[in-house]
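Below: one structure, written as structure tokens.
What's counted below: heavy atoms across the whole structure, side chains too, no hydrogens, waters or symmetry copies. One is the number of the first residue; the rest follow in order along the sequence.
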Amino acid sequence: MAGRNLYRLNGVAHIAGSIGDEPNRCIYNVRRQQNMPMHERIIPYLERAGLYHLARLNSQWFWLDEPLVSAFVERWRPETHTFHMPFGECTVTLQDVAFQLGLPVDGEAVSGCLGEFETYMEGGRPTWEWFEDLFGERPPPNKVKQMTVHFTWFHERFRVLPPDASEETVRIYARAYIMMWSAYLPPNDGKEKRVIRYRLALDRLTARDIVWEPYSALDVLAVVHPEILTEEHSRMWRAVTALIYFAVIEWHQVDRVVPQLGGVQHIPEDALNVDWLHAKDGRGGDRWFLHYYQKWHEHWENRLDAVISIERVADLGPSADYLDWWYR
């Protein structure tokens, strides 16, 4: 992993190529700020939106181990959308999203247009009219930059729900809470030593060290939302499809991490090369991304056709043929 000349498919240097020159390299740019208190009156609206479980997690500190994340970033390959480990591959799946965050993993893609979307909407209502409908007022002109609102103003305006708030005001504050989801993250000390320690620990992992199905434990199943365990929802965990957020397109490459879903990993098909998409961003406010990225939206719309069949086995992990291929 520490080769000096390590490049992604699009020719951009990979972070792992700098380990020899920067052995203590660690991410530091995680936002640190105070979150919005979760008043009990907004809870019914969070439940109705299907976001209460995530809100409960955010009502206490989110601890992020930045050195550990850094060590994993060094092993991320955009060609396969997986972490490359000594024993094979692993990745974040929709199953992780469902169990850890309690978020729904099916439905329409979150997309549209980052600006001037009124030209695509029925009735043609300007952006800030929608904002005023949702939050009861428009931000001051000096608190707006293009299509974004300054977080400081938004936070100060909606942080504390008034004690005599009407039900409409409660709805507004519930929407504001959903917009924030930000928490204060205490700083981590000793990052430089820990990133080296984590890197070495990952280097030494074997397939036998991995708990492939951590969510099968009874104490985990006892606290998850029952609806995420139904086939209607859980089948999406096995869909090899596009994950979409406006201009951000990622590939849900679960056919390369079958042991995470209860099967044996065999030699996978060639990875879909979408590395060029990673150079894209949301700039260009008049682009309607549903048309601009029509091919990828079609992948998501046809997601049920992309659900793979996995034969569940007791002995999870990579097959002997896969390991031979992987080591080569």
Side-chain angles (χ1 to χ4, degrees), residues 29-52 54-55 58-59 62 101 103-104 107-184 242-250 277 279-294 296-297 300-301:
N29 59 347
V30 177
R31 174 180 293 172
R32 305 180 189 281
Q33 58 200 21
Q34 185 67 26
N35 69 332
M36 176 181 176
M38 183 171 62
H39 196 284
E40 62 180 12
R41 291 188 64 188
I42 73 174
I43 290 177
Y45 296 103
L46 299 177
E47 291 176 327
R48 188 181 303 176
L51 300 173
Y52 178 53
L54 179 59
N58 202 31
S59 64
F62 261 130
L101 302 181
L103 291 175
E108 297 297 320
V110 179
S111 189
C113 182
L114 297 182
E116 301 178 13
F117 66 85
E118 62 269 16
T119 59
Y120 300 94
M121 303 295 290
E122 184 177 353
R125 299 183 64 207
T127 304
W128 298 112
E129 286 188 14
W130 287 95
F131 187 96
E132 187 172 9
D133 281 354
L134 292 172
F135 297 105
E137 62 185 273
R138 301 189 187 193
N142 64 342
K143 301 299 181 182
V144 174
K145 183 178 181 180
Q146 294 180 334
M147 301 304 300
T148 62
V149 180
H150 290 194
F151 177 85
T152 302
W153 175 85
F154 196 83
H155 182 268
E156 292 176 352
R157 175 63 185 82
F158 297 107
R159 183 174 185 272
V160 180
L161 180 69
D164 58 348
S166 66
E167 205 57 33
E168 176 57 27
T169 300
V170 174
R171 283 192 288 268
I172 289 174
Y173 274 72
R175 296 179 189 123
Y177 186 94
I178 291 172
M179 290 292 290
M180 293 186 195
W181 271 343
S182 296
Y184 174 74
L243 304 181
I244 301 168
Y245 179 74
F246 290 95
V248 179
I249 312 290
E250 293 289 345
L277 283 171
K280 305 294 183 182
D281 58 26
R283 298 174 184 174
D286 59 346
R287 286 186 294 178
W288 187 245
F289 289 118
L290 282 74
H291 296 163
Y292 193 73
Y293 290 126
Q294 181 179 355
W296 308 103
H297 280 267
W300 177 250
E301 291 164 2

key: Residue pair Tyr173, His39: steps toward the side chain to side chain contact (heavy atoms under 4.5 Å, CB included) verdict   = CA-CA 9 Å; Tyr173 274 72; His39 196 284; over 6 Å; no

inquiry  = Rounded to the nearest 0.5 Å, what separates atom CG in Leu243 from atom CH2 in Trp296?
reply    = 11.5 Å

remark   = To the nearest 0.5 Å, atom NE2 of His150 lies from atom CD of Glu156 at 12.0 Å

request  = Work out which heavy atom in Gly50 is nearest to a heavy atom in Leu103; give both atom names and the distance.
outcome  = O-CD2, 4.3 Å

inquiry  = I need the minimum non-hydrogen distance between Leu46 and Ala174, along with the two atoms involved.
reply    = CD2-O, 4.3 Å

query = Is the distance between the ring centroids of Tyr45 and Tyr177 under 6.0 Å?
reply = no

query = How would you list all residue pairs meeting salt bridge (Lys or Arg N to Asp or Glu O under 4.0 Å) that involve residues 130-141, not counting sequence neighbours?
reply = Arg125-Asp133, Glu132-Arg138, Glu137-Arg157

ask   = What residue among Val170, Ile178, Ile172 forms side-chain contact (heavy atoms from CB on, under 4.5 Å) with Ile42?
value = Val170

query = Do Arg41 side-chain atoms and Ala165 backbone N/O form a donor-acceptor pair below 3.5 Å?
reply = yes

message = Classify the ring geometry of Trp153 against Phe131: parallel below 30°, tilted from 30° to 60°, perpendicular beyond 60°.
response = tilted

task = Check the angle between the aromatic planes of Tyr293 and Phe289 and answer parallel, tilted or perpendicular using the 30° and 60° thresholds.
result = parallel

key: Residues that Glu301 engages under side chain to side chain contact (heavy atoms under 4.5 Å, CB included), provided they are two or more places apart   = His297, Glu298

query = Is the closest side-chain heavy-atom distance between His291 and Gln294 below 4.5 Å?
reply = no

Heavy-atom side-chain proximity of Phe158 to Arg175 below 4.5 angstrom = no

query = Going through the checks in order, is the side chain to side chain contact (heavy atoms under 4.5 Å, CB included) test met by Met180 and Phe151?
reply = CA-CA 9 Å; Met180 293 186 195; Phe151 177 85; 4.2 Å; yes

